[in-house]
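Following: one structure in structure tokens, then a few remarks.
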There are 2 protein chains.
Amino acid sequence: MVIDCGHCPLRKRDVFEPLSDEEVEFMRRFKIGELKVDAGATVLMEGSNSPQLFSVLSGLGLRYKLLPNGRRQVVNFVFPGSFLGLQAGVMGEMKHSVEATSAMVLCVFNRTDLWNFFKLQPTRAYDLTWLAAMEEHFMGEALTSIGQMNAMQRMCWGLMRYATRCSDLGINDRDRYPFPFRQQDLADALGLSLVHTNKTLMKLREQGDLSLGDGVMVLHHPDRMKDRSLLPVGSPNRRPLI
Amino acid sequence: MVIDCGHCPLRKRDVFEPLSDEEVEFMRRFKIGELKVDAGATVLMEGSNSPQLFSVLSGLGLRYKLLPNGRRQVVNFVFPGSFLGLQAGVMGEMKHSVEATSAMVLCVFNRTDLWNFFKLQPTRAYDLTWLAAMEEHFMGEALTSIGQMNAMQRMCWGLMRYATRCSDLGINDRDRYPFPFRQQDLADALGLSLVHTNKTLMKLREQGDLSLGDGVMVLHHPDRMKDRSLLPVGSPNRRPLI
DNA sequence: CGGAAGCTTGACGTCTATCAAGATGTGTGG
DNA sequence: CCACACATCTTGATAGACGTCAAGCTTCCG
């Protein structure tokens with residue numbers, strides 16, 4: 001019982017550009033199956049050359065790079081609607097790994113069919129470029145955050161950015177957001193040590209701005225956190241869904 | 001006397017994917033002129049909505065984001081062959097600024113013609129996506145560097161990455177590389193203060209690994225610097241030229 | 001019950017930012 | 001030609017943010 005692209009639950013969200021009937025039909029042929037993985041699973045591995053591409057239907061995860069000395073940088077979070085494997089599809093191999101931090105359902109595509117986007121479905125190809133440019137933009141924001149902000153600012157910015165993406169997708173309940181990550185994950189994303197991440201979180205808790213634990217984050221004063229962010233956290237208009 | 005795409009000097013470099021005659025002809029029609037700017041000029045500004053796209057023919061520059069508090073993050077360096085303005089072309093507006101740090105010559109294109117890539121020239125559209133994915137990759141590397149390395153490691157990694165790109169383009173002379181940047185630019189790129197950047201450079205100079213000044217960088221012991229980099233600095237195979 | 005994984009807290013050290021001042025070079029105007 | 005402002009680089013002193021080390025706590029699971 002694989003979900004038909006015509007009834008893709010993500011398409012209901014209006015963060016995503018609507019698709020024409022023709023495009024939906026094309027995606028239907030492009031999709032070759034679904035992959036369900038448990039929390040903790042590695043979906044794609046750095047250096048690998050997976051013949052498959054994925055689009056996230058549900059679940060959360062993260063992309064990260066490992067360093068020779070064992071450290072790890074989380075380069076960004078993976079949400080429903082994220083497209084995985086483009087790098088391997090276009091360059092030779094994956095330049096980072098992707099891990100599921102909750103159970104996930106992924107649409108599976110054939111990497112070799114990617115070319116059909118460009119040959120047969122220029123609007124979809126355009127969307128692909130759009131997505132790539134958008135990812136680049138997000139990454140530039142993260143770079144700016146890590147390069148120029150102190151721990152508290154990074155934390156507030158990072159969590160607000162995360163909350164905003166959740167809101168776009170409607171996977172939150174008011175101020176309650178799913179948060180299937182360890183503090184270590186957060187630390188690796190923000191370029192902080194685990195201990196300092198913990199202490200920074202504590203401060204936010206003590207001030208009553210935040211609850212975090214058991215897979216859930218609650219923002220009691222999003223306004224205050226936004227003020228501390230330095231970088232404004234905007235919802236980019238719309239994005240394409242692949 | 002505008003350079004004809006058929007005789008583009010960059011195409012001689014074998015870092016760039018070769019183009020078919022048809023593609024060259026297409027690019028010729030796409031190109032609407034050339035822009036020459038002096039060192040210090042702002043080519044694109046954050047928040048702007050330029051109707052033009054650019055491809056760098058010669059010269060060096062940098063992309064940066066400004067923060068409300070006046071700080072600045074250099075998100076990457078601009079080399080010959082860099083494509084500028086894709087973000088504005090595909091999202092609504094530029095998310096960073098681009099500044100020329102040396103004199104530059106740019107090919108100018110019409111943003112509204114971008115769609116022709118997808119409609120008429122799928123191989124070129126594919127290359128565009130390729131480029132975007134590659135930029136994303138570079139940015140992920142930089143993020144990892146700033147997030148996980150100390151000052152000396154970042155410096156070595158950053159300079160080696162820079163030198164490698166120069167070598168790919170053949171704009172170096174052995175171990176001598178053009179370097180039209182201030183220490184402040186380097187500092188903003190590495191997420192370090194100006195003072196600490198200066199002192200880190202000093203250490204490299206004292207150890208005889210590096211000369212830097214007057215627009216020129218000389219690497220006397222690239223091997224030693226590579227060792228201190230933590231992240232291996234590889235030349236990615238080939239990239240498309242737009 | 002023992003062990004592993006994750007969270008929490010305190011103590012300590014150090015890397016890096018900030019402040020301040022001086023040195024050098026370059027361009028402009030008198 | 002000199003005086004002056006300005007930009008960039010340099011260097012030392014000081015302080016603080018953040019990393020590292022270490023230990024204890026909880027929860028979960030075999």
Side-chain angles (χ1 to χ4, degrees), chain A residues 38-41 62 67 69-74 99 101-102 145-159 179-207 210-218 228 230, chain B residues 38-41 62 67 69-74 99 101-102 145-159 179-207 210-218 228 230:
Chain A
D38 289 334
L62 32 83
L67 283 81
N69 63 355
R71 301 177 68 117
R72 184 181 74 146
Q73 175 69 37
V74 169
E99 178 184 329
T101 55
S102 74
S145 160
I146 295 194
Q148 305 300 326
M149 302 184 190
N150 64 29
M152 180 58 82
Q153 294 165 333
R154 282 185 227 179
M155 180 68 73
C156 291
W157 176 83
L159 294 181
F179 199 84
F181 305 100
R182 298 167 302 157
Q183 294 188 2
Q184 182 70 63
D185 296 326
L186 198 50
D188 290 343
L190 300 175
L192 298 171
S193 70
L194 170 61
V195 173
H196 201 67
T197 298
N198 181 289
K199 288 173 180 169
T200 306
L201 282 173
M202 271 311 167
K203 257 183 216 150
L204 286 171
R205 282 196 263 245
E206 284 162 9
Q207 299 176 338
L210 175 78
S211 308
L212 190 141
D214 294 314
V216 177
M217 170 175 77
V218 187
R228 278 193 277 232
L230 262 197
Chain B
D38 288 333
L62 32 83
L67 282 81
N69 63 355
R71 300 177 67 117
R72 184 181 75 147
Q73 175 69 37
V74 169
E99 177 185 330
T101 55
S102 74
S145 160
I146 294 194
Q148 306 299 327
M149 302 185 191
N150 64 29
M152 180 57 83
Q153 293 165 334
R154 282 186 227 178
M155 180 67 74
C156 291
W157 175 83
L159 294 182
F179 199 84
F181 306 100
R182 298 168 302 156
Q183 293 187 4
Q184 183 69 64
D185 297 326
L186 199 49
D188 290 344
L190 300 175
L192 298 171
S193 71
L194 171 61
V195 174
H196 201 65
T197 298
N198 181 290
K199 287 174 180 168
T200 306
L201 282 173
M202 270 313 168
K203 256 184 217 150
L204 285 172
R205 284 197 262 244
E206 283 162 9
Q207 298 175 341
L210 176 77
S211 309
L212 191 142
D214 295 314
V216 176
M217 172 176 75
V218 187
R228 279 192 275 233
L230 263 198

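Protein chains get the first letters and strands the later ones, always in sequence-line order, with residue 1 at the start of each. Any value given below was found using the heavy atoms of this structure, including those in side chains, with hydrogens, waters and symmetry copies removed.
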- Message: If I take atom CG from residue A:Asn150 and atom CE from residue A:Met155, how far apart are they, to the nearest 0.5 angstrom?
- Response: 11.0 Å

- About how many Å separate CD of B:Gln153 and CG of A:Asn69, when rounded to the nearest 0.5 Å? 7.0 Å

- Per-nucleotide protein contact string for nucleotides 18-28 of chain D, where B marks a base within reach and S marks sugar-phosphate only (heavy atoms under 4.0 Å, - for neither): BSBB-------

- Contact boundaries on DNA chain C for chain A, cut-off under 4.0 Å to non-hydrogen atoms: C:dG6 to C:dA11

Between [X] (side chain only) and [Y] (backbone N and O only), is there a donor and an acceptor less than 3.5 Å apart?
X	Y	answer
B:Asp214	B:Val216	no
B:Gln73	B:Asp188	yes
A:Arg205	A:Leu212	yes

- How close or far is atom P of D:dC9 from atom CZ of B:Phe181, stated in whole angstroms? 13 Å

- Could you give the CG-to-C1' distance, from B:Asp214 to D:dT8, as a whole number of Å? 11 Å

- Query: Given D:dA7, is OP1 or OP2 found less than 4.0 Å from the side-chain N or O atoms of B:Gln184?
  - Reply: no

- Message: Would you say B:Asn198 places a side-chain N or O within less than 4.0 Å of OP1 or OP2 belonging to D:dC9?
- Response: no

- Query: Picking from B:Thr101, B:Val74, B:Leu186, what satisfies side-chain contact (heavy atoms from CB on, under 4.5 Å) with B:Phe181?
  - Reply: B:Thr101

- Message: Testing the basics here: between B:Arg154 and B:Leu190, what is the closest heavy-atom pair and its distance to 0.1 Å?
- Response: NH1-O, 2.7 Å

Residues 194-202 of chain B side chain polar contacts: donor-acceptor under 3.5 Å, at least two apart:
unit_1	atom_1	unit_2	atom_2	d
B:Thr197	OG1	B:Ser193	O	2.8
B:Asn198	ND2	B:Gln183	OE1	2.9
B:Thr200	OG1	B:His196	O	2.7

